[in-house]
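Just below is one structure, and these are the notes that go with it.
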Number of protein chains: 2
Amino acid sequence: MTSGRLTATEMRAWRAYAETIDHLRAALEADLVPHGLSLGDYEVLVILSESVDGRLRMCDLSNELGLSPSGLTRRLDGLVKADYVARTQGTSDRRVMYASITSEGRHALQRAVPDHVRSVRTHLIDRLTPAQVTALGDIFRAVGDGLGRQSRSGT
Amino acid sequence: MTSGRLTATEMRAWRAYAETIDHLRAALEADLVPHGLSLGDYEVLVILSESVDGRLRMCDLSNELGLSPSGLTRRLDGLVKADYVARTQGTSDRRVMYASITSEGRHALQRAVPDHVRSVRTHLIDRLTPAQVTALGDIFRAVGDGLGRQSRSGT
DNA sequence: CAGATATATTTGCGCTTACAATCATTGAGA
DNA sequence: TCTCAATGATTGTAAGCGCAAATATATCTG
């Protein structure tokens with residue numbers, strides 16, 4: 001630790017970050033509304049579409065999403081009703097449920113991806129210089145690595 | 001717009017960001033638990049403590065927090081019950097309610113601030129070089145400025 | 001093999017939040 | 001002044017999510 005307080009520069013960086021991330025999320029979410037998808041729905045479809053056979057066990061999917069198991073159950077309800085995802089029971093282990101993206105879901109994702117990419121560009125990437133984009137990645141990889149190790153002293 | 005797709009570098013930056021911010025928020029939130037405060041509660045106390053007379057109209061406070069009016073009403077309920085915030089009716093305009101931080105609230109904030117600052121340092125600032133801290137501020141000011149202007153073409 | 005333990009998922013419940021409706025008060029125009 | 005739109009706050013309602021409990025199945029242990 002460097003000091004018990006934040007320098008002016010540190011404070012400015014922290015405040016800029018804290019005040020902006022919610023607005024950014026809201027903007028990205030708003031741009032998905034025309035596709036009838038929430039950001040959370042979109043993430044489900046992306047992860048499933050990138051998975052083998054387009055499917056994943058519920059528990060693996062909830063880990064990927066950083067969502068609780070119950071949260072995932074309810075999130076899937078909507079996607080199943082929209083016919084974007086199907087639930088199929090595991091054959092070898094009958095406890096497990098697989099969430100699998102349907103062809104409807106793949107089509108919906110294909111329609112949404114260009115707008116979403118454009119949205120990420122518009123609100124984030126294109127606001128930055130190439131050097132800043134690189135810095136952004138470096139910064140959050142460093143922060144993410146730190147959070148992973150979670151080196152709390154006491155616990 | 002530069003391109004309809006993301007370059008590898010852009011994708012890496014975006015994914016690092018997207019995967020990390022929720023973890024960071026969770027870590028900061030967890031470090032406030034011993035103080036019996038959520039991050040949202042903490043923000044309320046900070047904003048009120050920095051305001052004239054330690055109080056703010058509900059609507060101004062909800063704007064500062066980026067919270068809906070109804071959300072603020074319910075959030076204050078908890079802080080009022082904890083005696084950290086008091087509601088007082090406006091004198092000139094009897095529609096307005098002021099949320100004002102109590103001395104209990106100021107004490108609670110004083111107790112929490114050092115831990116929170118340490119938390120921000122541990123999880124964010126100290127993971128970065130000074131140059132990265134500066135870059136972080138520049139990046140999110142640029143992004144925030146862009147979101148403010150919201151230059152959507154169609155609407 | 002039986003019983004205990006672990007794992008995968010869903011359901012019950014409560015918390016937080018936003019949107020829409022409601023109520024109270026203010027300010028502006030006829 | 002009286003009316004009506006605008007403003008500030010709260011309440012009703014619903015959606016999203018996590019925790020704990022419940023359920024079903026699998027695995028380990030004696």
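Just so it is clear: chains get the letters A, B, ... in the order the sequence lines come, proteins before strands, and each one is counted from 1.
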task = Among the candidates C:dT9, C:dT25, D:dG8, find the nucleotide nearest to the side-chain atoms of B:R94.
result = C:dT25
task = Could you pick out which residue, A:M58 or A:R95, lies toward the 5' side of DNA chain C when each is mapped onto its nearest nucleotide?
result = A:R95
request  = Establish, yes or no, whether the cationic atom of B:R57 lies under 6.0 Å from the six-membered ring centre of B:Y98 and within 45° of the ring axis.
outcome  = no
task = Could you state the atom-to-atom distance from CZ of A:R25 to C1' of D:dC17 in whole Å?
result = 13 Å
ask   = Between the side chains of B:D31 and B:H116, does any donor sit under 3.5 Å from an acceptor?
value = no
request  = Start with the C-alpha distance between B:R121 and A:E10, add both sets of side-chain angles, then the distance that settles salt bridge (Lys or Arg N to Asp or Glu O under 4.0 Å), and finish with yes or no.
outcome  = CA-CA 9 Å; B:R121 273 205 169 283; A:E10 289 164 351; 2.7 Å; yes
task = Tell me whether the OP1 or OP2 atom of C:dA8 has a side-chain N or O from A:R57 closer than 4.0 Å.
result = yes
request  = Provide, to the nearest angstrom, the distance between the CG atom belonging to A:N63 and the C1' atom belonging to D:dG18.
outcome  = 15 Å
remark   = Here the residues of residues 74-90 of chain A within 4.0 Å heavy-atom distance, strictly under, of DNA chain D are A:R74, A:R75
key: Rounded distance (Å) that lies between atom P of D:dG8 and atom OH of B:Y98   = 11 Å
message = Between the base of D:dC19 and the side chain of A:S70, is one N or O donor paired with an acceptor at under 3.5 angstrom?
response = yes
Electrostatic pair A:R87:A:D77 at N-O distance under 4.0 angstrom = yes
inquiry  = Once you measure the plane-to-plane angle for B:Y17 and A:F140, does it fall in the parallel (<30°), tilted (30-60°) or perpendicular (>60°) bin?
reply    = perpendicular
task = Check every strand shown and say whether A:L67 touches a base, only sugar-phosphate, or nothing at a heavy-atom separation below 4.0 Å.
result = sugar-phosphate
remark   = Judged by nearest nucleotide, the residue sitting upstream toward the 5' end of DNA chain D, B:V96 or A:D93, is B:V96
request  = Using whole Å, report how far CG of A:D22 lies from P of C:dT16.
outcome  = 17 Å
task = To the nearest 0.5 Å, tell me how far B:L67 CG sits from B:E43 CD.
result = 9.0 Å
request  = Side-chain contact test, heavy atoms from C-beta onward, threshold under 4.5 Å: evaluate it for B:R127 versus B:H123 and give yes or no.
outcome  = no
request  = Identify which nucleotide among C:dA18, D:dT10, C:dT11 has an atom closest to any side-chain atom of A:T73, counting heavy atoms from C-beta outward.
outcome  = C:dT11
request  = Show your working on side-chain contact (heavy atoms from CB on, under 4.5 Å) between B:T88 and B:M97 and close with a plain yes or no.
outcome  = CA-CA 6 Å; B:T88 61; B:M97 277 299 229; over 6 Å; no
key: Of residues 32-56 of chain B, the positions that come close to DNA chain D - non-hydrogen atoms, cut-off under 4.0 Å   = none
request  = Identify whether any heavy atom of B:S92 sits under 4.0 Å from a base atom; if not, whether one sits that close to sugar-phosphate; answer base, sugar-phosphate or nothing.
outcome  = sugar-phosphate
ask   = So, the side chain of B:T102 versus the backbone of B:Y84: is there a donor-acceptor pair under 3.5 Å, distance only?
value = yes
